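All values below were derived from every heavy atom in this structure, side-chain atoms included, with hydrogens, water molecules and symmetry-related copies excluded. Worth saying up front: this structure is predicted, and the values here are computed from it rather than measured. In the text below, chain A, chain B and the rest are named by the order of the sequence lines, each starting its count at 1.
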Amino acid sequence: MRTIAPLLTVWAALLALLGLTVGASLVLTGTPSLIASLAIAGLKAALVVWVFMQLRREGGLMRVMALGAVFWLLILLGYLVLDYATR
Amino acid sequence: MNRLLTFWAGQASHHAGQVDTLFLGLAVLAVLLSAPVFILITWFAVKYRRGKPADRTHAVNRNVWLEVSWAAIPFLATVAFYLWSTGLFIDLYQPPAEALAINAVGKQWMWKFQHPGGQAEINELHVPAGQAVVVTLASQDVIHSLFVPALRLKQDVVPGRYTRLWFRADAAGSYALVCAQFCGTDHAVMGGQLVVQTPADYARWLAAAGTDGSLAAQGAVLFRQMGCSGCHGAASTVHAPPLEGLYGRPVPLANGQVVTADDQYLRDSILLPQAQVAAGYPAIMPTYQNVLGEEDVLKLVAYIKSLANAQPGGGHE
Amino acid sequence: MSEATAEVSYLEHGHSLKSWLLTTDHKRIAILYFLSITLFFFVGGAAAALIRIDLLTPEADLMSNEGYNRAFTLHGVIMVWFFLIPSIPNTFGNFLVPLMIGARDLAFPRLNLLSWYIYMVGGLFTIAVLVLGGVDTGWTFYTPLSSMFANGNVILAATAIFVVGFSSILTGLNFIVTVHRLRCPGMTWGRLPLFVWSIYATSLILVLATPVLSITLVLIAAERLFGIGVFNPALGGDPLLYQHLFWFYSHPAVYIMILPALGVISELVATAARKPVFGYRFVAGSSIAIAILGFLVWGHHMFVAGQSMYASAVFSFLSLAVAVPSGIKVYNWTATLYKGHIALDPPFLFAMSFIGLFVVGGMTGLILAMLAVDVHVHDTYFVVAHFHYIMVGGTVSAYFGALHYWWPKMMGRMLPLVWGRLSAIFIFLGFNLTFFPQFILGYLGMPRRYHVYPAEFQTLHVLSSAGASVLGLAYLLPFTYLLYSLRHGGKAPPNPWGATGLEWTVPSPPPQHNFHELPTVDGPPYQYPVEVDGEREAAHG
Amino acid sequence: MADTAQARQRETTLMGMYLFLGSEIMLFGGLFAVALALRLMHPQEIVAASKHLHYGIGAANTVVLLTSSLAVALAVAAAEAGKIKGTVVGLQAGAGLGIGFLALKAVEYVSEYHERLLPALAPPEAFANPAAHLFMDLYLIATSLHAVHVTIGVGLLAGLALRVHHRSLALPRQATGVEVVGLYWHLVDVIWIFLYPVLYLVR
């Protein structure tokens with residue numbers, strides 16, 4: 001039960017966050033909507049990665065391996081914003 | 001050989017001279033930074049050749065300050081050049097307001113140019129010496145790149161949008177003009193020449209070149225022929241935005257954005273009319289994508305630009 | 001395992017074709033790569049020969065416009081994805097990384113074999129492109145030329161590159177995990193050979209950049225097949241988005257090609273000088289710095305493409321920053337030679353010519369990073385000369401240096417040193433004669449990918465083609481005497497060059513499982529002098 | 001001794017898997033970059049186009065995928081505890097929910113086909129504006145690539161369930177095998193977590 005309870009809790013939290021993001025999309029528009037939806041998605045992804053994927057029990061190196069690509073992806077996205085926003 | 005140095009690499013503008021100076025400076029820097037490596041490697045290879053007696057005592061395996069200095073000093077030197085070069089580059093984005101506006105259309109595999117007076121030429125561009133010229137570049141098909149080595153300038157021509165290139169040629173003469181971006185089968189023969197003339201010669205050339213009226217006038221003809229006037233004309237019963245006084249003004253769009261009616265906006269409105277619909281008007285305009293080429297669109301844009309100071313609904317003709 | 005079987009070398013361990021094609025031994029897989037990569041090197045080289053012959057005259061005499069376009073596209077595609085990118089990592093990296101870190105194999109031996117098969121499938125697609133008439137977009141596949149206008153086998157070529165990309169990803173992944181997990185006792189990060197550092201840095205790029213190219217190629221194929229086009233300007237899409245995604249991969253890919261070469265040179269210089277590499281930490285760290293900074297500069301391929309002026313200014317500045325770690329390496333190698341015991345053996349001559357050519361390539365790269373100059377020389381022969389100095393003068397020289405240096409280890413045979421020295425010198429001379437004139441051509445305004453050109457440029461083109469013929473013959477030379485050495489070369493001792501490093505502690509060629517007993521490391525790398533036991537004299541014999 | 005060797009092997013395998021997942025992130029990252037560029041170029045049109053998508057089906061599918069992730073996480077926990085039956089049930093539930101996801105996705109595609117929203121199957125004129133067309137291009141590519149990943153995942157889960165059931169994968173000794181496939185499945189889930197708002201909820 002000790003391993004199962006957190007999984008169920010996280011699952012419930014994920015469903016709640018899904019409801020929240022759908023709700024937010026009905027209320028918010030424009031940049032606030034984008035920020036809200038990405039923030040909630042980020043939170044959901046963090047829950048999945050941290051608990052379902054058990055990254056919380058791995059060492060620092062493994063965490064870097066798992067999340068390193070996100071950093072590289074941000075480089076790509078960041079430069080695209082720079083170009084498109086100032087072109 | 002002489003032709004190589006004038007037609008290709010001659011300095012046809014002040015900017016060309018500045019680029020050459022910068023390049024020479026960089027070449028000197030490159031030599032200064034690399035000469036120690038070449039000389040020392042050769043010297044060490046001779047002096048410390050295996051089996052040869054030499055003083056090899058006190059050899060060191062690391063020296064952090066030495067390493068930091070040979071990382072930092074060359075970098076700082078290049079930063080100085082960076083500032084110099086970036087300054088020159090930013091100038092290329094600031095054409096003078098009074099520049100002579102010329103249109104260029106790249107298509108597989110030729111260059112077409114339009115002068116404001118309506119004169120058109122293929123693979124040759126005549127410009128007056130001493131005057132700033134801004135070339136608006138459009139592509140009919142793939143990416144091309146207008147490259148004039150004697151001006152030390154090139155600019156890619158991207159389908160779907162207008163790019164610009166401006167220069168002020170000083171020295172009269174003929175210079176190579178080529179396509180630098182690979183554009184398909186006959187890429188290598190897509191070129192011609194830039195003819196820089198004295199203003200008087202240029203005026204004579206303009207007069208001699210046949211024309212059916214100015215570019216704007218040709219645009220006005222197209223405007224009627226293609227049926228644009230049916231909706232956008234003063235007498236039209238269709239609810240379409242008037243084009244008088246439009247150019248350069250802000251346009252509120254149906255989606256709430258506000259854009260400036262620049263060349264790019266006018267082009268997109270003709271070819272992709274559904275992309276940016278003006279507020280208060282039904283989105284009924286058909287696309288002219290397969291009907292009008294980029295040259296015709298440029299003529300229409302010139303015509304609409306000529307209406308920039310006309311009164312909406314007023315007789316502009 | 002008994003003493004007797006432990007002594008059987010990996011080459012002797014099974015002679016059937018099956019024992020090679022189903023092997024999971026990293027050394028045998030390295031040989032498989034070596035053979036297939038050599039094949040593609042000569043196919044790509046043949047295309048280069050056609051190009052240089054055609055450029056002897058200003059007119060189109062050997063090939064049609066279309067034929068020429070297909071020749072240089074094929075040359076680029078094959079050399080980039082089927083030779084340069086896999087060259088050093090997949091042959092020498094495969095062979096040496098486990099030996100250097102004291103491991104019996106890579107972390108995932110079967111995955112390693114799978115990578116080779118994926119590479120071969122990609123290679124077959126490329127051969128199919130060749131047989132079916134080629135592709136005419138340039139290796140850069142710029143849209144909308146590739147997606148809407150080109151009539152060659154674009155989809156097939158994209159498939160080939162897509163497939164070979166997975167080989168790259170899996171190889172990179174394998175190396176990273178191997179370096180992390182399989183280092184022998186005492187082999188700390190601060191004791192890793194610099195070659196391993198550079199392979200590790202390369203692998204990071206392989207894993208992180210290659211997938212972006214894969215998805216971009218999928219988008220191109222979808223555009224051609226179904227008209228699904230985010231790059232199509234007729235639909236309001238943006239051709240520059242393609243260039244961003246392509247160069248996000250392809251600029252780091254340049255570092256995939258050069259980083260392993262930098263690692264090789266560190267090994268060669270240390271051995272030649274019998275001295276530790278000067279500033280080990282800086283040299284190791286600079287590999288990682290290059291791998292990371294390499295992701296920040298791709299926009300310098302797009303200064304005149306129509307991207308924002310501000311983006312150009314930022315990319316230009318960061319391009320200068322990436323030159324710093326490269327500069328550190330060059331200066332540190334030079335300092336390594338100071339007060340060394342330098343032997344002018346073939347590997348060192350290749351290393352010297354590498355350093356010279358890499359410096360020229362690097363310095364011209366610095367010049368190209370300058371915005372105002374790039375506006376003039378972008379897409380001219382200046383760029384062509386620049387990247388050939390890095391890719392051919394740099395990587396290929398290092399590849400041949402590595403081949404000469406580790407050949408005795410891999411094959412157990414010594415090579416004729418005189419011939420090795422000669423070919424190093426001829427490659428250096430032929431290379432410079434081929435490519436130096438192209439800098440001049442470029443600054444004078446000769447655009448790249450031109451098949452017919454103005455008569456004024458002929459002298460320089462003829463010089464370049466003359467150099468290319470020297471270079472071509474000089475590249476053939478090693479393959480003849482290396483083949484000869486397989487039969488007639490003297491038996492190689494374990495450590496013919498008197499080098500440090502675990503790979504030299506095992507017999508040449510190494511036994512199937514590398515180490516009879518896993519070694520333990522108890523000191524820093526490059527601890528010279530090494531006892532040589534007169535072995536080098538045997539090498540000369 | 002055997003335990004530490006096993007732990008070492010597990011760490012090695014996990015590291016390889018995480019790196020592979022990193023490359024998967026970059027693969028989809030290219031598509032997210034396209035989404036970003038489209039949004040920056042045509043902010044309003046993308047909102048309009050996004051409203052045509054069935055965000056309800058998308059939300060239902062998110063529930064399905066999140067639940068399947070839970071099932072797989074439970075299977076991994078069971079595998080580590082050596083519970084064969086629990087592992088098999090968890091994996092089968094995960095695979096079944098994955099098939100459910102694909103079925104819902106198919107229903108969605110069909111209705112979009114009828115609404116003339118799917119590029120390649122509908123003429124360009126069917127779209128309100130060019131940007132809407134581009135957005136649907138991205139939608140089709142991204143969701144179909146994701147569906148390919150789901151299909152592969154379903155195959156892996158089902159195959160694994162079979163192997164555990166037939167004891168050809170010994171538990172808990174070889175639980176890493178279950179864990180690694182689980183990681184892949186969770187990543188497919190994470191990608192959907194981002195695809196859903198980026199495609200369906202643009203407002």
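Annotation: side chain of Pro233(C) is not in contact with side chain of Arg161(B) (no heavy-atom distance under 4.5 Å). Looking at Cys179(B) and Pro447(C), their side chains never come closer than 4.5 Å, going by heavy atoms from C-beta outward. The closest side-chain heavy-atom distance from Leu344(C) to Arg49(B) is below 4.5 Å. No side-chain heavy atom of Leu235(C) sits under 4.5 Å from any side-chain heavy atom of Leu272(B). Ile41(B) has its side chain within reach of Ile355(C): a pair of non-hydrogen atoms, C-beta onward, lies under 4.5 Å apart. Asn63(B) places a side-chain heavy atom less than 4.5 Å from the side chain of Phe278(C). The shortest side-chain heavy-atom distance between Gln108(B) and Phe149(C) falls under the 4.5 Å cut-off.
The aromatic rings of Phe457(C) and Trp8(B) sit perpendicular to each other, their planes meeting at more than 60°, with 30° as the lower class boundary. Using cut-offs of 30° and 60° for the angle between ring planes, the Phe317(C) and Tyr82(B) rings count as perpendicular.
The parts of Val375(C) that come within reach of chain B are both its backbone and its side chain, each placing non-hydrogen atoms under 4.5 angstrom from that chain. Contact of Ala54(B) with chain C is not made at all, since no heavy-atom distance falls under 4.5 Å. Using a 4.5 Å cut-off between heavy atoms, Thr380(C) touches chain B through its side chain atoms alone. For chain B, the nearby parts of Ala313(C) are the backbone and the side chain; heavy atoms of each come within less than 4.5 Å. Neither the backbone nor the side chain of Ala60(C) comes within contact range of chain B; no heavy atom of the residue lies under 4.5 Å from a heavy atom of that chain. Leu165(B) does not touch chain C: none of its heavy atoms, backbone or side chain, sits under 4.5 Å away. Both the backbone and the side chain of Tyr338(C) come within contact range of chain B, with heavy atoms under 4.5 Å apart. Neither the backbone nor the side chain of Ala323(C) comes within less than 4.5 Å of any heavy atom in chain B. Looking at Met309(C), the atoms closer than 4.5 Å to chain B (heavy atoms on both sides) sit in the backbone and in the side chain alike. Of the two parts of Val60(B), the backbone and the side chain both hold a non-hydrogen atom closer than 4.5 Å to a non-hydrogen atom of chain C. Of the atoms belonging to Gln458(C), not a single heavy atom falls under 4.5 Å from chain B. Residue contact with chain C, scored on non-hydrogen atoms closer than 4.5 Å, is absent for Leu271(B). If you measure heavy-atom distances from Arg70(C) to chain B, you find no contacts under 4.5 Å at all. For chain B, the nearby part of Asp136(C) is the backbone; its heavy atoms alone come within less than 4.5 Å. Proximity to chain B (any heavy atom under 4.5 Å) is restricted, for Phe72(C), to the side chain, taken from C-beta onward. Contacts of Ser64(C) with chain B are absent, with no heavy-atom separation under 4.5 Å from either backbone or side chain.
In this structure, CD1 in Ile328(C) is found 7.5 Å from CD in Glu67(B), a value given to the nearest 0.5 Å. In this structure, the separation between OG on Ser308(C) and OH on Tyr93(B) is 7.5 Å, given to the nearest 0.5 Å. Annotation: the span from Thr334(C) atom OG1 to Phe38(B) atom CZ amounts to 9.5 Å, rounded to 0.5 Å. The structure places CG of Asp379(C) at 6.5 Å from CG of Asp156(B), a figure rounded to the nearest 0.5 Å.
Without hydrogens or angle criteria, Lys339(C) side chain to Ala59(B) main chain gives no donor-acceptor distance under 3.5 Å. The main-chain N or O of Leu371(C) is found under 3.5 Å from a side-chain atom of Ser85(B) such that the two form a donor-acceptor pair. At distances below 3.5 Å, at least one donor-acceptor pair connects side-chain atoms of Gln155(B) with backbone N or O atoms of Val304(C).
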Handout entry: Derivation and outcome, side-chain contact (heavy atoms from CB on, under 4.5 Å), residues Asn61(B) and Lys275(C)
Key = CA-CA 8 Å; Asn61(B) 294 332; Lys275(C) 263 189 72 200; 4.1 Å; yes
Exercise for the section: Might you work through the side-chain contact (heavy atoms from CB on, under 4.5 Å) test for Val64(B) and Phe282(C), ending with a clear yes or no? Expected result: CA-CA 9 Å; Val64(B) 172; Phe282(C) 270 70; 4.3 Å; yes
Solution key, residues 357-370 of chain C side-chain donor-acceptor pairs under 3.5 Å, sequence neighbours excluded:
from: Thr364(C); atom 1: OG1; to: Val360(C); atom 2: O; distance (Å): 2.9
from: Thr364(C); atom 1: OG1; to: Gly361(C); atom 2: O; distance (Å): 2.9
from: Thr364(C); atom 1: OG1; to: His386(C); atom 2: ND1; distance (Å): 3.2

Under 3.5 Å, which donor-acceptor pairs do the side chains of residues 185-192 of chain B form with other protein atoms, sequence neighbours left out?
from: Thr185(B); atom 1: OG1; to: Glu66(C); atom 2: OE1; distance (Å): 2.7
from: Asp186(B); atom 1: OD1; to: Asn65(C); atom 2: ND2; distance (Å): 2.5
from: His187(B); atom 1: ND1; to: Gln181(B); atom 2: O; distance (Å): 3.3

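Here Asn332(C) is the residue among Asn151(C), Asn332(C), Val324(C), Val452(C) with the most heavy-atom pairs under 4.5 Å with chain B. With chain B as partner, the option from Asn232(C), Val330(C), Thr143(C), Leu320(C) having the largest number of non-hydrogen pairs under 4.5 angstrom is Leu320(C). Across Gly67(C), Ser316(C), Ser286(C), the residue that shares the most heavy-atom pairs under 4.5 angstrom with chain B is Ser316(C). When the candidates Ala455(C), Gly237(C), Pro454(C) are compared by the number of heavy-atom contacts under 4.5 Å with chain B, Pro454(C) comes out ahead.
Residues satisfying the side chain to side chain contact (heavy atoms under 4.5 Å, CB included) criterion with His341(C), sequence neighbours excluded, are Arg50(B), Arg56(B), Arg274(C).
Remark: the Asp20(B) side chain and the Tyr443(C) side chain contain an N/O donor-acceptor pair separated by less than 3.5 Å.
For the side chain to side chain contact (heavy atoms under 4.5 Å, CB included) with Leu337(C), the qualifying choice from Phe44(B), Tyr48(B), Trp43(B) is Phe44(B), the only one to do so.
The ring of Phe147(B) has its center no closer than 6.0 angstrom to the ring center of His378(C).
Listed by sequence position, Asp141(B), Val142(B), Ile143(B) are the residues of residues 135-144 of chain B in contact with chain C, using a 4.5 angstrom heavy-atom cutoff.
Open room surrounds OH on Tyr310(C); 12 or fewer heavy atoms of other groups in view lie less than 6.0 Å from it.
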